[in-house]
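Everything below concerns the one structure shown next.
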There are 2 protein chains.
Amino acid sequence: MKIQLALDRLTIDEAIRIGEEVKDYVDWIEVGTSLIKEFGVESIQKIKSVFPDKTIVADIKTIDNAKYEMELYFRAGADLATVMGVAPLVTIETSLETAAKWQKEIMIDLLNTSKDIQKRLLAYDAIFCSHVSKDEQEEQGRLANNNEKTSYLFQQNKKIAVAGGITLESLKNMKELNPFVVIVGSAITKANNRPAAAQAFQKLIFGGEIE
Amino acid sequence: MKIQLALDRLTIDEAIRIGEEVKDYVDWIEVGTSLIKEFGVESIQKIKSVFPDKTIVADIKTIDNAKYEMELYFRAGADLATVMGVAPLVTIETSLETAAKWQKEIMIDLLNTSKDIQKRLLAYDAIFCSHVSKDEQEEQGRLANNNEKTSYLFQQNKKIAVAGGITLESLKNMKELNPFVVIVGSAITKANNRPAAAQAFQKLIFGGEIE
């Protein structure tokens, strides 16, 4: 299980500062959609340059123009980029082909996909992100990843990432599902003591003592 | 009928130069997804500052985090921004609410939406974009907007935009459907003589002599 730190709704400098505070306790660093849309691929370049040994995830939610977009992110230093599961299949396939050429990886974001679409997508070699979106959480109060769709995904023997409002408490319920990646944003970035918050996730997942 | 010039796969400076060449023949200027994702909201700010009297469309394809994203684009100078029809409805509704507060407008991109979803979306007060994506054109050779779905849309008495590989030839077939907005990209931006190409679209739509 890996911890992916999601950096969203921040300036690039704030994102780097937070990354430095918690880098010892997280595995992957996500340059959030909001950073890329506000600051462009410079956000990816700068964060990769500060954390060259971390897997950098560009959460750019591609839905068209896959070759052009993926090459932008990979060239900027992303090791992994996201494509929407609700995109036309040709866009998902083009993303996967481009990633293969660059020896990079793709995460398919399953936001708002039907079970039928999920069944088709699961044939691909990718990481699949079970995603409760910010708007579903903040505007509708939906809880993270606690539904029937999620349990279905975990039965498919695929690499599953879970995202959306994940807290220490909600991770306790998900831990036994053994996701490949746990994506954590504000539970770390908005904590009063960020290193302690990140370390608590690490301890919950891997065991061991909190210093 | 309005002509929306789509500026994509360019630097900001190239986009501005092309905009200046053809501004007399187009109504709206679209800052394309690829520009915003590569250069951030600076692309919107700079293009709005050069064309303050044009309606500036930020084609940013929001699919989550709608209030935060829409406020970024509107603050940067966008008059209109796009949200994906395949997004959760709460994201589309939050986009519309945010636009209303800012006295701006929303275009709902119908890419990959089912007819059932379209029926629900058409209840909203927005512009609806019938969209053949770049990947569907370039990777699958799909032609622009010539299918049964499109004719259905035009029967709904809504503001319809058409996008995706539109040429003078394909517009001839669509003209009688009387779309509210015709989105033209490479047929103008990649023409040898861009002002002449843009003027030819204007003449086809509005009549009159080409100088």
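For A/T62, the parts lying near chain B are the backbone and the side chain together; criterion is any non-hydrogen pair under 4.5 Å. When heavy atoms are compared at a cutoff of 4.5 Å, A/A87 approaches chain B solely by way of its backbone atoms N, CA, C and O. Both the backbone and the side chain of A/I36 come within contact range of chain B, with heavy atoms under 4.5 Å apart. Contacts of B/L111 with chain A are made by side-chain atoms alone, with heavy-atom separations under 4.5 Å and no backbone atom involved. Residue A/I60 touches chain B through both its backbone and its side chain, counting heavy-atom pairs closer than 4.5 Å.
At most 12 non-hydrogen atoms from other residues, nucleotides or ligands lie less than 6.0 angstrom from CD of B/E169. For CG of A/D125, the number of neighbouring non-hydrogen atoms (other residues, nucleotides, ligands) closer than 6.0 Å is 12 at most. For A/K67, the NZ atom sits in a loose shell: 12 or fewer heavy atoms of surrounding residues, nucleotides or ligands are nearer than 6.0 Å.
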Next on the checklist: Quick one, B/D64 with A/H131, criterion side chain to side chain contact (heavy atoms under 4.5 Å, CB included). Give me CA distance, side-chain angles, the key distance, then yes/no.
Outcome noted: CA-CA 11 Å; B/D64 186 20; A/H131 186 188; 4.2 Å; yes
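Within the 4.5 Å cutoff, the side chain of B/V41 has no heavy atoms near those of the A/K37 side chain. You'll find the side chain of A/I63 reaches within 4.5 Å of the side chain of B/V86, heavy atoms only. Two residues are said to be in side-chain contact when any heavy atoms from C-beta on lie closer than 4.5 Å; A/Y68 and B/K134 fail this criterion. Considering only heavy atoms from C-beta on, B/E138 stays 4.5 Å or farther from A/T94 through its side chain.
Listed here is the closest heavy atom pair of B/E69 and A/T33: OE2-CG2, 3.7 Å. Across all non-hydrogen atoms, the minimal contact from B/N112 to A/P88 is ND2-N, 3.3 Å.
For B/T91 and A/D135, the side-chain atoms include at least one donor-acceptor pair closer than 3.5 Å.
Across A/L72, A/D109, A/L89, the residue that shares the most heavy-atom pairs under 4.5 angstrom with chain B is A/L72.
Residues of residues 10-22 of chain A lying within less than 4.5 angstrom of chain B, judged on heavy atoms, are A/L10 in numerical order.
Listed by first then second residue, pairs satisfying side-chain hydrogen bond (donor to acceptor under 3.5 Å, both in side chains) with a partner in residues 39-51 of chain A read A/E42-A/K46, A/K48-A/D79, not counting sequence neighbours.
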